[in-house]
Participant: 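Dumping the structure here so I can ask a few things about it.
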Amino acid sequence: MKNVFVIDTIEKVGQEVELYGWVDTIRDHKKIIFIDLRDRSGIVQVVGGPDFKRLSTEDVVAIKGLVKKRPEKLMNPRLQTGTIEIECRELKILTKAQPLPIPITGDGYEIDEDIRLRYRYLDLRRPRLTRNLILRSKATFFIRNFLTKRHFIEIETPVLTKTTPEGARDFLVPSRLQKGKFYALPQSPQQYKQLLMVAGIERYFQIARCFRDEDPRADRAYGEFTQLDLEMSFITQEDLLQLTEELFTALVKELFPEKHIAKTPWPRLAHAQAMQEYGTDKPDLRADKNDKDELAFAWTLDFPLFNKQTEADFFHGSGQAKFAPSHHMFTSPHPDDIPLLDTDPLKVRALQHDLILNGYEVGGGSIRIHDAKIQEKVFELIGFSAKQKSQFAHMLTAFTYGVPPHGGIAPGLDRFMMAILGEPSVREVVAFPATSGGKIAVMDAPSSPEETQLKELGIEVKK
Ligand code: ASP
């Protein structure tokens with residue numbers, strides 16, 4: 001097994017090492033040939049003789065060599081390993097590489113994105129993207145560690161499930177065993193995490209994959225995304241805000257020490273105030289918008305529980321309802337506003353909280369309804385038919401067996417990483433994102449099924 005990354009060689013002056021990696025660049029000085037050897041950790045200069053003539057860039061090689069300190073004037077301060085170089089004693093070419101279809105030395109922003117995504121496995125060799133993946137992995141590790149220490153339990157919930165009402169279009173998966181029926185991929189684990197509270201778990205989290213068939217944008221990938229989904233029982237909204245604030249403050253301090261959080265505690269804006277002052281519910285509160293190291297976290301609170309329902313709303317019930325939930329239908333009304341549910345529903349405030357970072361909505365959540373009567377009332381106001389209500393019967397039933405007061409939040413991991421890394425799109429922090437046309441380019445998905453597969457499912461595709 002490989003046990004030395006090129007970055008480790010800085011500490012090994014005078015020792016012989018065995019390195020494995022890709023030939024990043026070649027500089028041919030006739031008698032001496034230099035290459036930069038690249039692995040996941042970085043690059044190191046290797047000095048070789050005429051046998052290096054056989055090399056092309058991106059060949060995969062094994063090198064045995066001596067780590068030598070460079071003479072003072074040949075040190076390269078721009079390179080992490082710039083104080084040393086490797087004198088090659090033995091070179092093995094493990095595999096040869098064809099010229100690459102895309103350059104991978106620069107940032108790559110200027111290259112057509114569809115081509116980058118088609119050759120994503122090459123695109124990911126780019127140090128910028130490798131770094132993004134490493135930091136993302138460190139961030140999830142940090143989150144798991146932080147929450148586990150605070151008595152959270154990580155629990156997986158089904159991906160083949162039933163529609164979850166987050167307001168987007170569902171992906172459907174046909175059932176073979178029950179022909180004519182379909183699973184929906186979850187838009188979030190919302191109902192499962194609430195049922196876990198009924199189950200007595202008290203503190204749940206999951207690094208959860210969510211699926212929504214919505215058009216892609218810079219801050220929203222097509223098809224799927226990852227969120228840190230969490231839920232707690234016996235808490236107030238204040239507890240949730242504090243916990244989230246502590247988590248992200250600690251994470252930034254540990255993984256992004258060069259960044260500074262603009263204001264602590266994070267500013268809190270009432271929805272109406274944000275709309276009036278900034279014309280948006282997710283204002284960019286950075287003092288200096290050109291400062292790439294400034295992180296302006298904020299909360300938007302006191303959202304209205306309902307918006308006026310429009311034709312386009314997903315929640316069309318009887319066709320006569322006037323109200324659509326602003327967050328989702330399990331969000332609790334503000335306790336002071338409960339009487340308004342009967343008199344003026346649009347005035348009811350929600351116990352909803354949106355997490356804002358540098359002008360992006362990085363997450364949302366709420367305190368949930370735990371009173372079946374209020375839940376029924378909300379279903380009614382959003383115009384659910386008896387049939388639609390029956391789709392959520394399991395929630396209402398579960399709530400009759402002792403439901404703790406509970407609430408949660410779900411910060412989006414892709415969007416958070418995009419914002420904190422200052423990347424222009426979520427696709428820069430996801431290993432294999434879909435293209436704007438909804439294609440997973442490397443695999444050329446989606447694809448046409450075999451006739452036999454369709455037959456088994458009882459499905460015929462209209463031409
Ligand atoms: N399920 C919600 C969402 O995905 C988050 C939450 O309410 O916890 O936006």
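One-based numbering, in listed order, for ligands and for the atoms of each. Basis for what follows: all heavy atoms, side chains included, without hydrogens, waters or symmetry-related copies.
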Participant: Do Arg131 and Glu428 sit within salt-bridge range, that is, some charged N less than 4.0 Å from a carboxylate O?
Facilitator: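 Answer for the salt bridge query: no.
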Participant: Determine, for Arg286 against Glu294, whether the closest basic-nitrogen to carboxylate-oxygen distance falls under 4.0 angstrom.
Facilitator: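 Salt bridge between Arg286 and Glu294, a charged N being under 4.0 Å from a carboxylate O: no.
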Participant: Side chain to side chain contact (heavy atoms under 4.5 Å, CB included) with Lys263: which residues, sequence neighbours excluded?
Facilitator: Pro267
Participant: With a 4.0 Å cut-off on heavy atoms, is Gln187 touching ligand 1?
Facilitator: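 Contact absent.
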Participant: Using a 4.0 Å cutoff against the non-hydrogen atoms of Lys193, which atoms of ligand 1 qualify?
Facilitator: 6 (C), 8 (O)
Participant: For ligand 1, which atoms, with element, lie under 4.0 Å from some heavy atom of Gly364?
Facilitator: 5 (C), 6 (C), 8 (O)
Participant: Does Arg220 pair with Glu361 as a salt bridge, N-O distance under 4.0 Å?
Facilitator: no
Participant: Taking 4.0 angstrom as the limit and counting only heavy atoms of His327, give me the atoms of ligand 1 inside it, by number and element.
Facilitator: 6 (C), 7 (O), 9 (O)
Participant: Give me each pair satisfying ring-ring contact (aromatic ring centres under 6.0 Å, His included) with a member in residues 269-292, each pair once, sequence neighbours excluded.
Facilitator: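 Sorted result for residues 269-292: His271-Phe303.
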Participant: Contact between Arg212 and ligand 1, counting heavy atoms under 4.0 Å?
Facilitator: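 Contact check Arg212 vs ligand 1: positive.
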Participant: Quick one: which ligand 1 atoms are inside 4.0 Å of a heavy atom on Ala410?
Facilitator: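 It comes down to these atoms of ligand 1: 5 (C), 8 (O).
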Participant: Residue-level breakdown please: for Ile409 versus ligand 1, do any non-hydrogen atoms fall below 4.0 Å on the side chain, on the backbone, on both, or on neither?
Facilitator: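 Within the 4.0 Å criterion, Ile409 contacts ligand 1 through backbone atoms alone.
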Participant: Starting from atom 3 (C) of ligand 1, find the nearest protein heavy-atom neighbour and note its residue, name and distance.
Facilitator: Glu166 OE1, 3.5 Å
Participant: List every atom of ligand 1 that sits less than 4.0 Å from any heavy atom of Gln227, numbering the atoms from 1 in the order shown and giving each element.
Facilitator: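 By the 4.0 Å cutoff, the relevant atoms are 4 (O).
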Participant: Salt bridge or not for Lys455 and Glu460, using N-O below 4.0 Å?
Facilitator: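 Answer for the salt bridge query: no.
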Participant: Check Glu58 with Arg38, please: is the shortest side-chain N to carboxylate O separation under 4.0 Å?
Facilitator: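 Salt bridge flag = yes for Glu58 with Arg38.
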Participant: For the CD atom on Glu451, are there more than 12 heavy atoms of other groups (residues, nucleotides or ligands in this structure) within a distance under 6.0 Å?
Facilitator: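 No.
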Participant: In terms of atom number and element, which parts of ligand 1 are under 4.0 angstrom from non-hydrogen atoms of Ser188?
Facilitator: 1 (N), 4 (O)
Participant: Evaluate Glu231 for polar contact with ligand 1, using N/O atom pairs at a separation under 3.5 Å.
Facilitator: no
Participant: Nearest non-hydrogen atom to atom 6 (C) of ligand 1 belongs to which of Gln190, Glu361, His353?
Facilitator: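 Minimum heavy-atom distance to atom 6 (C) of ligand 1 goes to Gln190.
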